[in-house]
Amino acid sequence: MSFKKLGLNDLLLKAIEEKGYTDPSVIQEKAIPQILAGKDVLASAQTGTGKTAGFSLPLVQILAENPKEGRRQIKALILTPTRELAAQVYDEVRSFAAYTKLETAVIFGGVKQASQVARLKQGVDILVATPGRLLDLYQQKLLKLHQVNFLILDEADRMLDMGFIRDIRKILSFLPEQKQSLLFSATFSPEIKKLASTFLQDPVTVAAAPENTTAELVNQKIYRVDKTRKTELIIKLIWENNWHQVLVFTRTKHGANRLAQKFQKKKITAAAIHGNKTQNARTKALEGFKSGEVSVLVATDIAARGLDIPLLPYVINFEIPNIPEDYVHRIGRTARAGASGDAISLVSADELNYLKDIEKLLGVKLPKETVEGFEPEETEPVAPPSQKKKSVNFRKKRSNNNRFKKR
Ligand code: AMP
């Protein structure tokens, strides 16, 4: 299948060629014709599937083919959960619009609004925004939304996780009824489905992979290890295998800082990226990582959202997430756009229940391995077979166990 067969015009094909894309990805193949046909779309696609181009290409084509007379007004709104994702989506949209007359801009919080406001004043067709800054500028009457006839919610599941539901509802209430809407999400909880039903009209459903499954090319490994030995093990893995471009996930911001410092002590170049860091520090850490100056980037889930690092070879879960969907997002950082990658999770006894939840979501068992010299000594919490409520029993067992109490 070629991009041309999807119905894209020469201006877009030229931009695609310059980006170096030769064949459309699965989500692009499925979504582009539907969007070009004017349909509302509910798309199941995680990062790494090429979803951004999946919505940007048809969006740019539709707007370019239907120019409006008069003053330039915002016609398309793309909402993303994080500033990093907003910046990336903006870059991609802009490169696809390179041969059109469309103007694109991006706005997000954490930086001063002045330059964003100045840009908006020049006239914008496509606006990429995070919900908070959008509402802020809208309420200050610094932007108008009455001409928006195209709405895209990107990574909608993450927006709900981050508590943006009220902002989204508010924004929806400011938009015209008559519009084409797309919702992209990696996972589909009942809340997402409910949100989708409030603004998508007769949506076509497209999926890059079946709902809640992980990229086939990701080589998932589970290493059982004692909690107290995780740092030692992760350093050994990275050091001895000479891994570069490793994205490590921790559950907390402090955990990310601490671990990055431990890497640095061992002369592994590392940086931490999380919500307490300034936008500048985040951008700098990401640039260092992309350029290869920094080998290991330690991140929390929210900060890692939307990081676009093509061909990331290694993702390590220093702690596995307690929200199973986060696991899907995290390992979606590797094996991007058709390349294969390793996703390694270091799992201590107290995390085995989280692992079970992940396996349940994925519908597969993830075989557990051990690394020589790191065989766990912690006792695994085992539920007595006669009791049904496993999680309650685990907790009881844990509180009776001095090993767990100490931690
Ligand atoms: P996304 O899922 O939108 O975050 O895209 C993941 C990565 O795949 C980005 O680095 C894109 O530049 C890249 N990409 C998107 N579409 C294609 C394609 N058709 N061929 C090759 N790379 C692509």
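The structure displayed is predicted, hence computed values, not measured ones. Just follow the structure's listing: the first ligand is 1, and inside any ligand the first atom is 1. Along the sequence shown, residues are numbered consecutively beginning with 1.
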Return the option from Phe184, Tyr21, Phe55 holding the heavy atom at the smallest distance from atom 18 (C) of ligand 1.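 It is Tyr21 that holds the nearest heavy atom.
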With backbone taken as N, CA, C and O and side chain as the heavy atoms from C-beta onward, which portion of Asp23 lies under 4.0 Å from ligand 1: side chain, backbone, both, or neither?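 Under 4.0 Å from ligand 1, Asp23 contributes backbone atoms alone.
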Check whether any side-chain N or O of Glu92 sits under 3.5 Å from a backbone N or O of Ser56 as a donor-acceptor pair, and report yes or no. no
Cationic tip of Arg133 above Phe108 ring, under 6.0 Å, 45° of axis: no
Heteroatom proximity flag, [X] to ligand 1, N/O under 3.5 Å:
X     : value
Thr49 : yes
Gln28 : yes
Gly50 : yes

Could you check whether any side-chain heavy atom of Gln61 comes within less than 4.5 Å of a side-chain heavy atom of Ile32, counting everything from C-beta outward?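 No; the side chains remain at least 4.5 Å from each other.
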Hey, could you give me the CZ/CG distance between Phe188 and Asp157, rounded to the nearest 0.5 Å?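 It comes to 7.5 Å.
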Distance under 4.0 Å to a non-hydrogen atom of [X]: what atoms of ligand 1 satisfy this?
X     : result
Lys51 : 1 (P), 2 (O), 3 (O)
Thr52 : 1 (P), 3 (O), 4 (O)
Phe3  : 19 (N)

Determine whether the aromatic ring centres of Phe55 and Phe184 lie less than 6.0 Å apart.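 They qualify: ring centres under 6.0 Å apart.
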Aromatic ring proximity Tyr138/Phe174, centre distance under 6.0 Å: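 So the answer is yes for these two rings.
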